[in-house]
Protein chains: 2
Amino acid sequence: MAALSDNIERFIKQLMDEDTKIELRRNELAQHFGCAPSQINYVLATRFSVDRGYIVESRRGGSGYVKVIRITQSDSDLLSVLISRVGDEIDKDSANAIIHRLYELSLITLNEARILASAVRCDNVALSGRACDMLRAQILKNALVQVFKNLRED
Amino acid sequence: MAALSDNIERFIKQLMDEDTKIELRRNELAQHFGCAPSQINYVLATRFSVDRGYIVESRRGGSGYVKVIRITQSDSDLLSVLISRVGDEIDKDSANAIIHRLYELSLITLNEARILASAVRCDNVALSGRACDMLRAQILKNALVQVFKNLRED
DNA sequence: CTCTCTTTGACCATTTTTGACTATTATATA
DNA sequence: TATATAATAGTCAAAAATGGTCAAAGAGAG
């Protein structure tokens, strides 16, 4: 069995037992487990992905950190549904429909919906239809993650 | 956990809580935080930039000082200033500084700031630096218009 | 034996912190 | 008044403190 990764995963989940958000020091953690620091990244990438209901944020440099945030199960389900719905490219109408839905579910406010819609408009941008759809998909997916992250933090 | 710079930033902002203008002694402040005086310059440069809505003035020599001034502007002025600041292309850090400023001015909420920042990230997008900066500028300007439109409606 | 998942390590990127050297200005002194 | 001195602040590059990436080696499961 792949003990190390599982142990690290368990350790992090224990830390999160009561809180939905914790802060780690990558190097400390690696030292604690006597492994390479990049091992921590591996665990975060494989066990704490968005699909599994987690969001990871970090900052480098002096007093840098790694934050792990848990989103609720139902939120995470919806999030992954929406993300796969968006896919690699999405046209403007479908994007707007998704934004509208988020608004109706009260997951975002009217202002947020408008900002999102404007971000996803992609007109005035010198990109051909296909490239535009791909770009829109990327922006929308980034924003979706953000929306759900916000939900957990409030 | 919080970095020295973060603490100094917070300290200065507390001093400015009610006033739009304060005066500091660089060396005193450095001593208070037990750090190199140039650390203060670092904080001023990274956290109190014009993009973030501050102006810093100083004078050397006997009874020298450092003044920090928060820029205040009417909304409509601000919109045009920001739009021309964004221009036809803008890098990520400057864009984030502007978003941060909108948040500090309470013109957008934290959630909105995050959505905007994510929309403007442009990573994962197969675009070269220059094209990316142009795209970012376009998205940001669209969103700015939206933000200020929303303001008028509330 | 092969395939996949894990683990490591060398190299990269970012942010903060410090220090040596420089520039400016008020004030005391000749 | 001219000059020296002390008191400030600024600059810039190096060092320190983090975290990230990616490809290759290792280990287990079938």
Side-chain angles (χ1 to χ4, degrees), chain A residues 1-12 15 21-52 54-69 142 145, chain B residues 1-12 21-52 54-69 91-97 100 117 121-126 129 132:
Chain A
M1 217 28 203
L4 220 202
S5 287
D6 292 342
N7 288 339
I8 297 173
E9 177 186 8
R10 207 172 313 124
F11 184 83
I12 294 177
L15 287 181
K21 182 178 169 186
I22 56 162
E23 192 173 311
L24 309 170
R25 294 319 198 70
R26 187 182 77 147
N27 289 347
E28 259 179 32
L29 196 52
Q31 196 158 21
H32 182 258
F33 282 95
C35 65
S38 54
Q39 179 72 34
I40 306 301
N41 296 82
Y42 176 74
V43 173
L44 292 173
T46 56
R47 326 289 223 254
F48 295 87
S49 63
V50 168
D51 286 346
R52 291 180 179 229
Y54 294 89
I55 290 166
V56 176
E57 288 178 331
S58 66
R59 194 170 73 175
R60 306 183 188 191
S63 48
Y65 57 78
V66 175
K67 281 182 189 158
V68 184
I69 301 160
N142 283 343
V145 171
Chain B
M1 288 305 186
L4 216 205
S5 288
D6 293 340
N7 291 333
I8 297 174
E9 176 187 8
R10 206 173 314 123
F11 184 83
I12 294 176
K21 184 175 170 185
I22 56 161
E23 193 173 311
L24 309 169
R25 294 317 201 70
R26 188 182 77 146
N27 289 346
E28 258 179 32
L29 196 52
Q31 196 158 20
H32 182 257
F33 282 96
C35 65
S38 54
Q39 179 74 34
I40 306 301
N41 296 81
Y42 175 75
V43 173
L44 292 173
T46 56
R47 324 288 220 257
F48 294 88
S49 64
V50 171
D51 279 346
R52 287 176 178 235
Y54 295 89
I55 291 171
V56 176
E57 288 176 340
S58 66
R59 198 170 66 179
R60 307 183 188 192
S63 52
Y65 57 78
V66 175
K67 282 182 189 157
V68 183
I69 302 159
D91 67 81
K92 192 158 131 187
D93 287 345
S94 306
N96 280 137
H100 186 80
R121 250 169 49 197
C122 288
D123 48 9
N124 301 78
V125 178
C132 195

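Letters go in sequence order (proteins before strands), and every chain restarts at 1. Atoms considered below: every heavy atom in the structure, side chains included; atoms not considered: hydrogens, waters and symmetry mates. No experiment lies behind these values; they were computed from the predicted model shown.
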How long is the span from the [atom1] atom in [X] to the [atom2] atom in [Y], to the nearest 0.5 Å?
X       : Y       : atom1 : atom2 : answer
A:Ile12 : A:Ile8  : CD1   : CD1   : 7.0 Å
B:Tyr65 : B:Arg59 : OH    : CZ    : 5.0 Å
A:Thr46 : A:Asp51 : OG1   : CG    : 12.5 Å
A:Arg47 : A:Tyr54 : CZ    : OH    : 12.0 Å
A:Ser63 : A:Arg25 : OG    : CZ    : 6.5 Å

Nearest-angstrom distance from the residue atom [atom1] of [X] to [atom2] of [N]:
X       : N      : atom1 : atom2 : answer
A:Leu44 : C:dT7  : CG    : P     : 14 Å
A:Glu57 : D:dT18 : CD    : C1'   : 16 Å
B:Tyr65 : C:dT24 : OH    : P     : 15 Å
A:Arg25 : D:dA17 : CZ    : C1'   : 9 Å
A:Asp6  : D:dA27 : CG    : C1'   : 14 Å
B:Leu24 : D:dA7  : CG    : C1'   : 17 Å
B:Arg26 : C:dT18 : CZ    : P     : 13 Å
A:Asn41 : C:dA13 : CG    : P     : 16 Å

> Does A:Arg60 have any salt bridge (charged side-chain N to carboxylate O under 4.0 Å, His left out) partners at least two apart in sequence or in another chain, and if so, which?
Replying inline: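 Scan of A:Arg60 (salt bridge (charged side-chain N to carboxylate O under 4.0 Å, His left out), adjacent residues dropped) gives none.
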
>> Test of understanding: with salt bridge (charged side-chain N to carboxylate O under 4.0 Å, His left out), list the residues that count as partners of B:Glu23, not counting sequence neighbours.
In response: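 Testing B:Glu23 for salt bridge (charged side-chain N to carboxylate O under 4.0 Å, His left out), a comparison that skips the adjacent residues, returns none.
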
Check nucleotides 28-30 of chain C against the protein and report each pair of N or O atoms closer than 3.5 Å, with its distance, or say if there are none.
none

>> Five pairs per end, C1' atoms only: what is the angle between the end axes of the helix from C:dC1-D:dG30 to C:dA30-D:dT1, to 10 degrees?
In response: 10°

For [N], does OP1 or OP2 lie under 4.0 Å from any side-chain N or O of [X]?
X       : N      : value
A:Ser58 : D:dG20 : yes
A:Tyr42 : C:dT7  : no
B:Asn27 : D:dA7  : no
A:Arg59 : C:dT16 : yes
A:Arg60 : D:dA17 : no
A:Arg47 : C:dT6  : yes

Show me the donor-acceptor pairs within less than 3.5 Å that the side chains of residues 28-45 of chain B make with the rest of the protein, sequence neighbours left out.
unit_1  : atom_1 : unit_2  : atom_2 : d
B:Gln39 : NE2    : B:Ser5  : OG     : 2.8
B:Asn41 : OD1    : B:Arg26 : NH1    : 2.7

>> Between B:Ser63 and B:Asp93, which residue's closest nucleotide on DNA chain C lies nearer the 5′ terminus?
In response: B:Asp93

>> What residues from residues 29-38 of chain A pass a heavy-atom cutoff of under 4.0 Å to DNA chain D?
In response: A:Ser38

> Can you name the closest pair of heavy atoms from B:Val68 and B:Phe48 and give their distance?
Replying inline: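 It is CG1-CD2, 3.9 Å.
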
